[in-house]
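These notes concern the structure reproduced below.
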Amino acid sequence: KTGLNLVCAAGMYTEGMGIPYSFARMNVNEIVDIYVKEIEDGIAWSGIRAGVIKIATGEGQVTDFERKALTAAARAARVLTGARIGSAVRFDGELLHMVGFHGTSPEAEAAMRAAFPMKPGKGSLNARAIAAGVPMQIPDVFLDPDYQLEDVARKAQYRSLLVVPMIHEGRAIGAIGLGRDEPGPY
């Protein structure tokens, strides 16, 4: 009645804040299934559907479990949007580091990982979103004069990208990205 909209989140906080035992034992695919279910069907038995996936990491480091949760969030975003490629990067304040790149060939993944670490800038959409601190998209990477990863795009067979930065205390600390085969806005 107040007109206030609330957004419920799937996901988790830092490992240091405690992880439910059952969650800690899950593999990435099991975590993906939970994130997708919480957004499509609802959280537990409540019927309340999550509107976002929220992930937090420890300051200055990403633990193995947090890396697994970030990878699961990127994969769940792929499933939920129909994108073929999902990625996750972390930003240490100076350089971007690839955490996960999924949905393509091992050769394309190796080519993308070889492009990292990288500085924020215009050469990749991850680097742009980190530098700007806002979600960004490229409708067609082959028509973007500043995009520098065309060889990776050919190997991975993506044309359009969407990247959303992860923000902590007002600064970007990482990003989750999606890539589709066909050009066009998200």
Side-chain angles (χ1 to χ4, degrees), residues 10-12 26-36 52-57 61-142 144 146-168 172-184 186:
M12 63 190 48
M26 292 179 184
N27 65 40
V28 171
N29 291 331
E30 292 169 322
I31 297 171
V32 169
D33 291 343
I34 287 175
Y35 291 164
V36 170
V52 296
I53 299 171
K54 178 180 180 165
I55 304 295
T57 61
Q61 66 177 8
V62 177
T63 67
D64 289 341
F65 179 77
E66 291 167 349
R67 183 171 286 106
K68 185 167 56 168
L70 287 166
T71 299
R75 287 186 188 178
R78 261 184 37 221
V79 170
L80 291 162
T81 64
R84 190 172 50 79
I85 295 171
S87 68
V89 300
R90 72 176 175 83
F91 180 54
D92 65 12
E94 185 176 327
L95 297 171
L96 286 79
H97 302 272
M98 180 59 63
V99 175
F101 186 71
H102 303 282
T104 190
S105 70
E107 296 79 20
E109 181 179 349
M112 180 60 87
R113 287 186 180 281
F116 288 82
M118 72 171 56
K119 291 185 179 227
K122 294 183 178 182
S124 86
L125 194 57
N126 283 306
R128 289 180 203 176
I130 293 289
V134 297
M136 303 189 101
Q137 65 176 314
I138 299 176
D140 191 334
V141 296
F142 297 118
D144 186 308
D146 295 320
Y147 191 72
Q148 297 176 358
L149 300 176
E150 295 94 348
D151 289 341
V152 175
R154 282 186 190 85
K155 287 178 183 169
Q157 300 176 340
Y158 63 82
R159 295 281 300 269
S160 59
L161 294 172
L162 171 69
V163 173
V164 178
M166 295 180 279
I167 306 295
H168 176 71
I173 60 167
I176 292 183
L178 300 171
R180 291 192 309 219
D181 301 349
E182 61 280 346
Y186 277 80

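Small disclaimer: the values here were computed from a predicted structure and weren't measured.
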**Q.** Criterion side-chain contact (heavy atoms from CB on, under 4.5 Å) on Ile173 and Arg90, from CA distance to verdict
**A.** CA-CA 6 Å; Ile173 60 167; Arg90 72 176 175 83; over 6 Å; no

Least distance between heavy atoms, [X] atom then [Y] atom:
| X | Y | result |
| --- | --- | --- |
| Ala129 | Met136 | N-SD, 3.6 Å |
| Ser124 | Tyr147 | CA-CE1, 3.9 Å |
| Val32 | Ala72 | CG2-O, 3.5 Å |
| Phe116 | Leu96 | CD2-O, 3.5 Å |
| Tyr35 | Ala76 | CB-CB, 3.8 Å |
| Ile167 | Gly133 | CD1-O, 3.8 Å |

A side-chain contact here means heavy atoms from C-beta on lying under 4.5 Å apart; do [X] and [Y] qualify?
| X | Y | result |
| --- | --- | --- |
| Leu161 | Val141 | yes |
| Ile85 | Gln157 | no |
| Arg159 | Asp181 | no |
| Asn126 | Val163 | yes |

Q) Under 4.0 Å between a Lys/Arg side-chain N and an Asp/Glu carboxylate O for Glu109 and Arg113? A)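 Here Glu109 pairs with Arg113 in a salt bridge, since their nearest N and O are under 4.0 Å apart.
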
Distance check, rounded to the nearest 0.5 Å: [X] atom [atom1] versus [Y] atom [atom2]?
| X | Y | atom1 | atom2 | result |
| --- | --- | --- | --- | --- |
| Met166 | Phe91 | CE | CZ | 12.0 Å |
| Met26 | Asp33 | CE | CG | 9.5 Å |
| Asp144 | Leu125 | CG | CG | 8.5 Å |
| Tyr158 | Thr104 | OH | OG1 | 9.0 Å |
| Thr81 | Arg180 | OG1 | CZ | 7.5 Å |
| Ser160 | Asp140 | OG | CG | 8.0 Å |

Without swapping roles, check the side chain of [X] against the backbone of [Y] for a donor-acceptor pair under 3.5 Å.
| X | Y | answer |
| --- | --- | --- |
| Arg128 | Lys122 | yes |
| Lys155 | Ser105 | no |
| Arg84 | Gly103 | yes |

